[in-house]
S.K.: 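First, the structure itself, so that you have it in front of you.
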Amino acid sequence: MQGEYREHFDAIERKWQERWRAEGAFAAPARPDGSKFYCLEMLPYPSGRLHMGHVRNYSIGDAVARFQAMRGRDVLHPMGWDSFGLPAENAAIQHGTHPARWTSENIIYMGRQLRRLGLSYDWSREIAAHRPDFYRWNQWFFLKMLERGLAYRSRRWVNWCGSCQTVLANEQVEAGRCWRCESTVGRTELDQWFLKITAYAEELDRELDGLVGWPERVRAMQRNWIGRSEGAVVRFPIADASGRPGGGALEIFTTRLDTIFGATFCVVAPRHPVLDGIPAGSPARLRLEEFLRRIDARDMTRAGLEPEEKEGIDTGLRARNPFNGEVLPVWTANFVLMEYGTGAVMAVPAHDERDFEFAGKYGLPVRAVVVPGDGPPAAGDPQAARVEDGRLVASGPYSGQDSASARRSMLRDGEAGGFARGALQYRLLDWGISRQRYWGTPIPVIDCPNCGTVPVPEKDLPVLLPEDVPLTGEGGSPLARVASFVNARCPRCGGAGRRETDTMDTFFDSAWYFYRYADPRNDRAPFDQATIASWFPIDLYIGGITHATMHLIYCRFFAKVLRDLGLVRFAEPVKNLLCQGMVLKGGTAMSKSKGNIVDPDDMVRRYGADTTRLFTLFAAPPEKDLEWNEQGVEGCFRFLERVWRLLLPLAPGLAGAPRPGDGEGAGDPRRAALRRRVHRTIERVTTDIEKRLHLNTPIAALMELLNGLQDFCRDATDADRPYIKEAGLTLALLLQPFAPHISEELWEELGGEGQARRQPWPAAARRWLEEDEVEIAVQVNGRLRGRLRVPPSLSEPEAVARARADAHIAAHLEGRTVRKIIFLPGRLLNIVVG
RNA sequence: GCCGGGGUGGCGGAACUGGUAGACGCAAGGGACUUAAAAUCCCUUGACCCUCUGGGUCAUGUGGGUUCGACUCCCACCCCCGGCACCA
């Protein structure tokens, strides 16, 4: 082929893409034979076009997948579409297209973009969440969970996005705003379907320690999110305002049982059931109702934003501290949450910042019961709560004990007395999956006036999403307006029933989609168990850090549910996780509003897929943010141009040349140096990808190889051809993970057999990794004073002798006594003198 | 506030278990080629200093420490990024 790379890259890339397509190049076997590698990248939402974040994500995955395939593994490298969700529906409302049509068109366009990048996906396994053959298994899993009590319906106060007209899970509320549209989230009370993820809270937390292939920051985020907290639940008997026992008890959760003698009041959440005991019409009830109205009004506008001013009222109820018999007023206040613990707390203003603030505002007593372990208690009124552990005072029989042992003995006594028990609390809440939107999986239940809530029988799955649905964006579930959908026979009694009209959160789809890839066309089960066992766990999962809590916790939860259903035999589906950094331009994320978007199509058109991929891999290590830099892209393009310019003109002469024999060229310093460089490059590229998952340094190594080869070629003769051929073919193979098209073309032009991607990954020959001369550093007292070129096997005395023979080094030794010699063969000599 | 990650040239980044700091790329400067420019190729490029074909000193956020030797280990501090945050 004649001419410059820039004239050819487009044709080369299309040629190989077409060949790969025609031969079904990346199809994985139904089950792996020997060693397998499941390489997974987070599937995209089909929003319309790829962005650079996708390109980066998929370039990383493709490099690893191609590398592992050449290393001889059976590679499963699939791709699909997270194709249910709001944007499709919003597009329908705004532009009048049907979500299904909008989605399909986007999938076609983006699929074409992915193919144009030359990514090695097994397209025969492509899945899409919005297709009935996928979502019927959502429904199937839901029914299984329903059977086991892991799915349930409950009337709850929920996060409500007024703009998206839907309920949001807690994880989807970021700083009080909707994670998608960023509008303020309010609160409303609705019947909702929940998945009991809290049943697995303990396991989800504990097993994080074993996920050694996950980044520490992701594990930390999940630990934060699960929020395990160890403490005690204490029963405070309820009394009325005059102190007479009123029957019943208030249970409070505390992590600071040691401070219980300092409790001066209790606080319950505004909707705590204990408040139901306040007689209707009483002055206390009227005050309570007035208070609830006030905080509700506020909830709707600023839920979850800044912490509000603490506000509360004395309910008139009284509770008796079982440890000292003290009768304490029970308040209700906005800072105590019904969702956490028991929805009630004992307030110890002396040792809790929130209680201190509240007590200060309402003039409630403050009593210190813990003093610093190593000194006298501070005199006078405290200025702040003292939250540290210490030594107990004014705590009856516990006075004098330190906090930790007091907690133990108080818990023991409380358990013996039947008024306290140890308790583990989690911040994690059950996962609300109901969405009042159209474009999602219908929840397969029917409400019957006679039989209650009845699951749709398995044989009737899938419950199809109807096509003809009016989408107005005016709120409420769109499906509720479709009579033919809503009206359904009760599967149990055959009477008239009403179908559930909410659809599932799309995180349900992505919590299990990667099992489906292993067995994508199974119509009898979500997947075959033996097939799953053969491909799992996922060896490498690559995606954005944005999914550290939601998606990646749901995945883990699902795996445990599947395990308990007997469908899989493991609890953790992802062995190694890589969270790649964002792609930035001008220091910030690319976005339409900032006008700093770099379009992948544009890059591919101007530089080709190989260059685009190469740059996203070269410019930063995978987990760091990547600043887009056009000049950097040019640099990568220039590298491929130089490869082309050097090797293509030589190709006709090289194609027929033999490759050098094992030890050939050892006697010629130039040839030996080149061969060493070639084999050292193989070694570096291999270990960097395999052991360290670094992709920028292997590319740097390839650039060095090219630089070396270029020097070699400058004064090469025809007799040097075998050496150039070895270097060129090796370069072609080592380029395969990063720039697969030019890799194939080079391989072909240089007379390689078959396709580069099908060759075994080159092995570095030991003899060429060993240098016959190395440069060692010579230090005097740890300071570098010279370098010597020596054989690697040089002994210590000889090294010292050569160092002394060097005038500069000798000058530093002049007149001093050698105290110690540190010698690292082939690396360093340090002479310590006094 | 709590938790996690990170501070290395003008820039992106290298440096494997403590052993020659700055690989590779970008940018910049100089040169060759050219009528000229672009492209390409070659050279230089951490800072400072000197008696300048060489050599020295200082340099990996700051200050200490361990060590023959520290970007790497330990202690204290500063700054940046991310997560959680009235969670009792």
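Scope of the values below: all heavy atoms of this structure, side chains included, with no hydrogens, waters or symmetry mates. Every chain is numbered from 1, with letters handed out A, B, ... down the list of sequences. Remember, it's a predicted structure, so these values are computed and weren't measured experimentally.
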S.K.: Respond yes when some side-chain nitrogen or oxygen of A/R787 is under 4.0 Å from OP1 or OP2 of B/G19, and no when none is.
M.R.: no
S.K.: Regarding A/P621, tell me which of base, sugar-phosphate or nothing describes its non-hydrogen contacts under 4.0 Å with the strands shown.
M.R.: sugar-phosphate
S.K.: Using whole Å, report how far CD of A/E704 lies from C1' of B/A23.
M.R.: 6 Å
S.K.: Between A/K624 and B/G13, is there a side-chain N or O to OP1/OP2 distance below 4.0 Å?
M.R.: yes
S.K.: Under a 3.5 Å cut-off for both contacts, is B/A14 paired Watson-Crick or G-U wobble with anything, and if yes, with which nucleotide?
M.R.: none
S.K.: So A/H351, base contact, sugar-phosphate only, or nothing? Heavy-atom distance under 4.0 Å.
M.R.: nothing
S.K.: Counting only Watson-Crick or G-U wobble pairs whose two distances fall under 3.5 Å, which nucleotide matches B/C52?
M.R.: none
S.K.: Using a cut-off of less than 4.0 Å, is there contact between a side-chain N or O of A/T697 and OP1 or OP2 of B/A23?
M.R.: no
S.K.: Taking only the side-chain heavy atoms of A/T255 (C-beta and beyond), determine which of B/A88, B/G25, B/C16 contains the nearest atom.
M.R.: B/A88
S.K.: Provide the Watson-Crick or G-U wobble partner of B/U57, both distances under 3.5 Å; none if there is no partner.
M.R.: B/A47
S.K.: Reckon A/V832 touches a base, only the sugar-phosphate, or nothing at all at heavy-atom distances under 4.0 Å?
M.R.: sugar-phosphate
S.K.: Return the value, rounded to whole Å, for the distance between atom CG of A/L552 and atom P of B/G83.
M.R.: 15 Å
S.K.: Please tell me which of A/V336 and A/R217 maps to the more 5' nucleotide of RNA chain B, matching each residue to the nucleotide holding its nearest heavy atom.
M.R.: A/R217
S.K.: Which part of the nucleic acid, if any, lies within contact of A/A700, taking any heavy atom under 4.0 Å across all strands shown: a base, the sugar-phosphate backbone alone, or nothing?
M.R.: base
S.K.: Report yes or no: does A/N781 contribute a side-chain atom to a donor-acceptor pair with the main-chain N or O of A/V833 at less than 3.5 Å?
M.R.: yes
S.K.: Using atom CG of A/L626 as one end and atom C1' of B/G12 as the other, report the distance to the nearest whole Å.
M.R.: 9 Å
S.K.: Closer than 4.0 angstrom, basic N to acidic O: yes or no for A/E771 and A/R680?
M.R.: yes
S.K.: If you look at every strand shown and take non-hydrogen atoms under 4.0 Å, does A/R827 touch a base, only sugar-phosphate, or nothing?
M.R.: base
S.K.: Check the phosphate of B/C58 against A/R783, side-chain N and O only, distance under 4.0 Å to OP1 or OP2. Yes or no?
M.R.: yes
S.K.: For B/C86, what is the paired nucleotide under Watson-Crick or G-U wobble rules, both distances under 3.5 Å?
M.R.: none
S.K.: Just checking A/F507 against A/W431, ring centres under 6.0 Å apart?
M.R.: no
S.K.: So, does A/R789 use its side chain to make a donor-acceptor pair with the main chain of A/E775 at under 3.5 Å?
M.R.: no
S.K.: Once you apply a heavy-atom cut-off of 4.0 Å, does A/R228 come out as touching a base, just sugar-phosphate, or nothing?
M.R.: nothing
S.K.: Over how many whole Å does the gap from A/I809 atom CD1 to B/G55 atom C1' extend?
M.R.: 13 Å
S.K.: Let me know the distance between CZ of A/R219 and P of B/C3, rounded to the nearest Å.
M.R.: 17 Å
S.K.: If I take atom CG in residue A/D715 and atom P in nucleotide B/C42, what distance separates them, rounded to the nearest angstrom?
M.R.: 13 Å
S.K.: Just the rounded figure in Å: distance from P of B/U40 to CZ of A/R714.
M.R.: 15 Å
S.K.: Heavy atoms under 4.0 Å, any strand shown: does A/G635 hit a base, just sugar-phosphate, or nothing?
M.R.: sugar-phosphate
S.K.: Strictly by Watson-Crick or wobble contacts shorter than 3.5 Å, is anything paired with B/U67, and which nucleotide is it?
M.R.: none
S.K.: Assign A/E775 to base, sugar-phosphate, or nothing according to its heavy-atom contacts below 4.0 angstrom with the strands shown.
M.R.: base
S.K.: Under 3.5 Å for both donor-acceptor distances, Watson-Crick or wobble: does B/C41 have a partner, and if so which one?
M.R.: B/G31
S.K.: Verify whether the ring centers belonging to A/F9 and A/W644 lie closer than 6.0 Å.
M.R.: no
S.K.: Assess whether a salt bridge exists between A/D389 and A/R407, defined as any Lys/Arg side-chain N lying under 4.0 Å from an Asp/Glu carboxylate O.
M.R.: yes
S.K.: If you look at every strand shown and take non-hydrogen atoms under 4.0 Å, does A/R638 touch a base, only sugar-phosphate, or nothing?
M.R.: sugar-phosphate
S.K.: Among A/W628, A/F637, A/Y607, A/F639, which one satisfies ring-ring contact (aromatic ring centres under 6.0 Å, His included) with A/F615?
M.R.: A/W628
S.K.: Please tell me which of the listed nucleotides, B/A85, B/C68, B/U20, lies nearest to the side chain of A/K820?
M.R.: B/C68
S.K.: Give a yes or no on whether a donor-acceptor pair under 3.5 Å exists between the nucleobase atoms of B/C68, that is its base, and the side chain of A/N830.
M.R.: yes
S.K.: Starting from the 5' end of RNA chain B, give me the residue, A/R6 or A/V345, whose nearest nucleotide shows up first.
M.R.: A/R6
S.K.: Keeping the roles fixed (side chain from A/T259, backbone from A/R256), state whether a donor-acceptor pair exists under 3.5 Å.
M.R.: yes
S.K.: Side-chain N or O of A/K310 versus OP1/OP2 of B/C86: is the shortest distance under 4.0 Å?
M.R.: no
S.K.: So, does A/R785 get its side chain near the phosphate of B/U57, meaning an N or O under 4.0 Å from OP1 or OP2?
M.R.: yes
S.K.: Any side-chain N or O of A/H808 under 4.0 Å from OP1/OP2 of B/G55?
M.R.: yes
S.K.: Just to be sure I understand the rule, does A/R692 reach a base, reach only the sugar-phosphate, or reach nothing, if contact means heavy atoms closer than 4.0 Å?
M.R.: sugar-phosphate
S.K.: Can you tell me if the side-chain N/O atoms of A/R684 get under 4.0 Å from OP1 or OP2 in B/A23?
M.R.: no
S.K.: Which base sits across from B/G4 as a Watson-Crick or G-U pair, both distances under 3.5 Å?
M.R.: B/C81
S.K.: Identify whether any heavy atom of A/R642 sits under 4.0 Å from a base atom; if not, whether one sits that close to sugar-phosphate; answer base, sugar-phosphate or nothing.
M.R.: sugar-phosphate
S.K.: Please state whether the phosphate of B/C16, meaning OP1 or OP2, lies under 4.0 angstrom from any side-chain nitrogen or oxygen of A/H694.
M.R.: no
S.K.: To the nearest Å, how far apart are A/I226 CD1 and B/C3 P?
M.R.: 18 Å
S.K.: May I ask you to say what A/R645 touches in the nucleic acid, namely base, sugar-phosphate or nothing, with a heavy-atom cut-off under 4.0 Å?
M.R.: sugar-phosphate
S.K.: Considering just the side-chain nitrogens and oxygens of A/N707, establish if one lies under 4.0 Å of OP1 or OP2 belonging to B/G25.
M.R.: yes
S.K.: Are any non-hydrogen side-chain atoms of A/E202 and A/R206 less than 4.5 angstrom apart?
M.R.: yes
